[in-house]
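What follows is a short report on a single structure.
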There are 2 protein chains.
Amino acid sequence: MTSLTIAEAAAQTGLTAHTLRYYERDGLMLAAPERAASGHRRYSERDLTWIELINRLRSTGMPIRDVRRYAGLVRDGDGNEAERLALLKAHRERVEAQLAEVTGHLRAIDHKIGIYEGKVAPTG
Amino acid sequence: MTSLTIAEAAAQTGLTAHTLRYYERDGLMLAAPERAASGHRRYSERDLTWIELINRLRSTGMPIRDVRRYAGLVRDGDGNEAERLALLKAHRERVEAQLAEVTGHLRAIDHKIGIYEGKVAPTG
DNA sequence: TTCAACCTTCGAGTGCGCTCCAAGTCAACC
DNA sequence: GGTTGACTTGGAGCGCACTCGAAGGTTGAA
């Protein structure tokens with residue numbers, strides 16, 4: 001059973017130690033990580049896996065407060081799977097809509113780049 | 001020659017009147033919109049077209065300060081097209097990278113949704 | 001002419017997500 | 001024993017992008 005210091009966990013997740021502590025006190029963790037006798041945090045594999053899910057949710061634009069709500073549901077255990085599923089599906093819808101929007105804007109920007117490269121005639 | 005009040009320009013661009021004024025004083029506009037005799041702003045087609053480009057850049061994640069820099073280049077007129085092009089291309093690269101990242105995360109979230117829907121066996 | 005609805009400026013306030021600081025504890029090495 | 005460096009806490013501070021408030025002028029319809 002490996003466990004990591006906060007610095008190691010930070011390196012592995014791409015977050016800072018500051019952010020890991022912030023997520024913890026903000027209720028984003030399933031449970032607070034264990035502590036060494038010294039009081040220092042020790043991150044388990046399970047903690048790391050969970051933080052990686054947080055990263056996926058955050059990187060796709062889910063607000064902290066929604067991550068906290070999702071964490072709360074998972075923490076509460078069995079019986080609320082439908083609610084978790086609804087939360088994830090609503091998030092997925094938003095992400096897909098945003099992907100489509102960004103892709104559309106990107107195409108327009110590409111067009112503008114084409115103009116500057118002299119490949120396309122300027123319009124409007 | 002049509003020209004719009006700030007409320008009309010807001011409705012047309014999806015921004016608020018507050019935000020339009022903010023963009024103007026923050027140097028994002030090519031030029032301040034004309035004024036009626038009363039001092040009220042009157043937005044031209046050209047203003048609207050520019051605001052729509054701002055919207056595309058902002059919606060794809062370009063920070064205000066970069067939009068301001070790009071506006072400055074356009075304002076300065078001919079001779080810096082290479083710099084404008086470089087700015088847009090750098091932005092496009094970032095957007096594409098981010099699209100790829102988000103798409104990857106979305107797939108992982110979809111997998112998790114599949115688990116909750118009982119379509120996929122839980123892993124990890 | 002009166003009234004609501006709109007506009008103006010300047011500056012302050014807000015929400016989000018960190019990010020940092022101060023003061024102290026602890027482990028390891030010289 | 002002393003020093004270095006990673007860790008702890010609570011709370012303050014910050015950057016971004018708005019968002020709003022106050023106090024007053026303008027517009028247009030009844």
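Everything quoted here is computed from the prediction, not taken from an experiment. We use all heavy atoms of the structure for the numbers below, so side chains are in, but hydrogens, waters and symmetry mates are not. Every chain is numbered from 1 and lettered A, B, ... according to where its sequence line falls, protein lines coming before strand lines.
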Quiz item: Do we see a donor-acceptor contact under 3.5 Å between the side chains of A:Tyr70 and A:Arg84?
Solution: no
Self-check item: Those residues of residues 17-29 of chain B lying under 4.0 Å from DNA chain C by at least one heavy atom
Solution: B:Arg21, B:Arg25
Quiz item: Over how many whole Å does the gap from A:Asp66 atom CG to C:dG15 atom P extend?
Solution: 16 Å
Quiz item: What nucleotide, of D:dT8, D:dT26, C:dA27, holds the atom closest to the side chain of A:Arg41?
Solution: D:dT8
Quiz prompt | Heavy atoms of other groups near A:Arg46 CZ, more than 12 under 6.0 Å | solution = no
Quiz item: Would one find a side-chain N or O of A:Thr5 under 4.0 angstrom from OP1 or OP2 of D:dA6?
Solution: no
Exercise. For B:Tyr43 and C:dC7, give me the distance from atom OH to atom C1', rounded to whole Å.
Key: 11 Å
Quiz item: Taking a hydrophobic cluster as the set of Ile, Leu, Val, Met, Phe, Trp and Tyr residues connected by side-chain heavy atoms closer than 4.5 Å, whether directly or through intermediates, do B:Leu15 and B:Tyr22 fall within one such cluster?
Solution: yes
Exercise. May I have the distance from A:His40 (atom NE2) to D:dG5 (atom C1'), rounded to whole angstrom?
Key: 10 Å
Practice problem: Could you tell me the separation between the CZ atom of A:Arg65 and the C1' atom of C:dC16, rounded to a whole number of Å? | Solution: 9 Å
Quiz item: Say you draw a straight line from NE2 of A:His91 to CG of A:Leu57; how long is it, rounded to the nearest 0.5 Å?
Solution: 5.5 Å
Practice problem: Hey, which sits more toward the 5' end of DNA chain D by its nearest nucleotide, B:Ala36 or B:Ile64? | Solution: B:Ile64
Self-check item: Electrostatic pair B:Lys89:A:Glu117 at N-O distance under 4.0 angstrom
Solution: yes
Exercise. Measure from CD on A:Glu34 to P on D:dC7 and round the result to the nearest Å.
Key: 17 Å
Quiz prompt | d(CD1, B:Ile6; P, D:dT19) in whole Å | solution = 14 Å
Quiz item: Salt bridge between B:Arg35 and B:Glu24, side-chain N to carboxylate O under 4.0 Å?
Solution: yes
Quiz item: Out of D:dA17, C:dC6, D:dT27, which has the shortest distance to the side chain of B:Arg58?
Solution: D:dA17
Quiz item: Does the side chain of A:Thr5 pick up a donor-acceptor pair with the side chain of A:His40 at under 3.5 Å?
Solution: no
Quiz item: When the distance from CZ of A:Arg35 to C1' of C:dC26 is rounded to whole Å, what number comes out?
Solution: 14 Å
Exercise. Name the residue closer to the 5' end of DNA chain C, choosing between B:Arg42 and A:Pro63 according to the nucleotide with the nearest heavy atom.
Key: B:Arg42
Practice problem: Ignoring backbone atoms, test whether B:Ser38 places a side-chain nitrogen or oxygen under 4.0 Å from the OP1 or OP2 oxygen of D:dT27. | Solution: yes
